[in-house]
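Have a look at the structure below before the remarks.
None of the values given here were measured: they were computed from a predicted structure.
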Amino acid sequence: MARGQEQAAPDAVLTRIGQVAMLHHAGDREEARDRFLALWAEIGEDGDPLHRCTLAHYLADTQDDPAEELAWDLRALSAAEELTRERRADRHEGVPAARALSPSLHLNLAADYDRLGHREAARLHLRRARATAESLAPGRYAQDVRAAIDRLELRLAGADRSDGPPEGWGRPPRQRP
């Protein structure tokens with residue numbers, strides 16, 4: 001019984017994150033941000049890295065300030081890297097999820113840096129997004145991420161030739177928890 005309880009706790013947290021993400025996708029950005037922040041306070045800076053990665057990944061999208069969005073995306077990447085380091089990689093069940101999130105994490109950072117005018121940092125993370133996207137399993141998520149990488153690459157190329165973003169520029173896709 002204890003083993004089942006241990007496995008239920010991570011699923012329960014990811015389920016709660018997913019529920020708040022649905023609230024955000026339904027258009028209630030402020031309420032989603034408040035609930036995500038409450039979950040962050042509950043999980044804490046030293047909580048499970050998969051929970052921190054997933055939560056920060058979604059929390060970034062609820063920010064109004066591009067610098068705050070960048071800060072949350074950096075937290076997400078840091079937690080994913082913590083999770084996939086060799087010392088944990090063979091012990092944590094969330095490693096495959098963190099690896100699947102890696103292209104999206106780098107893509108979001110590239111978009112954040114681009115919005116803040118840091119083109120070289122944007123290009124660096126875009127290259128990392130493209131490299132890690134090669135390992136994604138075939139499917140809609142992989143197609144969406146690769147298409148978003150292509151769009152951002154075009155945007156960055158256009159930024160070299162002009163000052164404004166192309167019409168219809170959007171955010172990279174998020175993988176559901």
Practice prompt. Could I get the full list of side chain to side chain donor-acceptor pair (under 3.5 Å) partners for Glu31, not counting sequence neighbours?
Written response: Arg35

Response to the item:
Nearest heavy-atom approach of Arg115 to Asp112 is NH2-OD1, 3.0 Å

Discussion item. Just so I know, are the side chains of Leu55 and Ile43 near enough to count as touching, which here means a heavy-atom distance under 4.5 Å?
Written reply: yes

Worksheet item: Are Leu124 and Leu107 linked, directly or through other ILVMFWY residues, by side chains that come within less than 4.5 angstrom of each other?
Response: no

Practice prompt. Can you see which heavy atom on Ala32 is nearest to which on Val20, and at what distance?
Written response: O-CG1, 3.5 Å

Fill in: Common cluster, Leu39/Leu23, ILVMFWY with side-chain heavy-atom separation under 4.5 Å
no

Worksheet item: Salt bridge check: are Glu45 and Arg52 linked by an N-O gap of less than 4.0 Å?
Response: no

Worksheet item: For Asp150, what residues pass the salt bridge (charged side-chain N to carboxylate O under 4.0 Å, His left out) criterion, not counting sequence neighbours?
Response: Arg130

Worksheet item: Do Tyr141 and Ile149 belong together in a cluster built from hydrophobic side chains that touch within less than 4.5 Å?
Response: yes

Worksheet item: Which heavy-atom pair separates Ala100 from Pro103 by the least distance, and what is that distance?
Response: O-CD, 3.3 Å

Item to complete: Measure the spacing between OG1 of Thr62 and CG of Leu37 and express it to the nearest 0.5 Å.
Response: 6.5 Å

Worksheet item: What pairs meet the salt bridge (charged side-chain N to carboxylate O under 4.0 Å, His left out) rule with one or both residues in residues 15-25, with sequence neighbours excluded?
Response: Arg16-Glu42

Fill in: Qualifying residues under salt bridge (charged side-chain N to carboxylate O under 4.0 Å, His left out), relative to Asp64, sequence neighbours excluded
Arg29, Arg33

Practice prompt. Report yes if some heavy atom in the side chain of Leu14 is under 4.5 Å from a heavy atom in the side chain of Leu50; otherwise report no.
Written response: yes

Worksheet item: If only atom types and distance count, is the side chain of Glu69 paired as donor or acceptor with the main-chain N or O of Asp65 below 3.5 Å?
Response: no

Practice prompt. For residues Cys53 and Ala80, report the shortest heavy-atom separation together with the two atoms involved.
Written response: SG-CB, 3.8 Å

Worksheet item: Under the salt bridge (charged side-chain N to carboxylate O under 4.0 Å, His left out) test, which residues partner Arg146, sequence neighbours left out?
Response: none

Worksheet item: Once you round to the nearest 0.5 Å, how far does CG of Leu77 lie from CD of Glu82?
Response: 11.5 Å

Worksheet item: About how many Å separate NE2 of His24 and CG of Leu59, when rounded to the nearest 0.5 Å?
Response: 9.5 Å

Worksheet item: Should the pair Phe36 and Tyr58 be assigned to parallel (<30°), tilted (30 to 60°) or perpendicular (>60°) ring geometry?
Response: parallel

Fill in: Shortest non-hydrogen contact from Ala76 toward Leu105
CB-CD2, 3.6 Å

Worksheet, complete the sentence: Taken to the nearest 0.5 Å, the spacing of Glu153 CD from Leu126 CG works out to 5.5 Å

Worksheet entry | Thr54 (side chain) donor-acceptor with His51 (main chain) under 3.5 angstrom | no

Worksheet item: Does Ser104 use its side chain to pair, donor to acceptor, with the backbone of Leu101 at less than 3.5 Å?
Response: no

Worksheet entry | ring-ring contact (aromatic ring centres under 6.0 Å, His included) against His125, all qualifying residues, sequence neighbours excluded | His106, Tyr113

Worksheet entry | Asp46 CG: over 12 foreign heavy atoms closer than 6.0 Å | no

Fill in: Atom of Thr132, atom of Ser135 and distance for their closest heavy-atom approach
O-OG, 2.9 Å

Discussion item. If the condition is salt bridge (charged side-chain N to carboxylate O under 4.0 Å, His left out), which residues does Glu68 pass it with, not counting sequence neighbours?
Written reply: none

Item to complete: Identify, with sequence neighbours excluded, every residue that meets side chain to side chain donor-acceptor pair (under 3.5 Å) alongside Glu120.
Response: Arg123

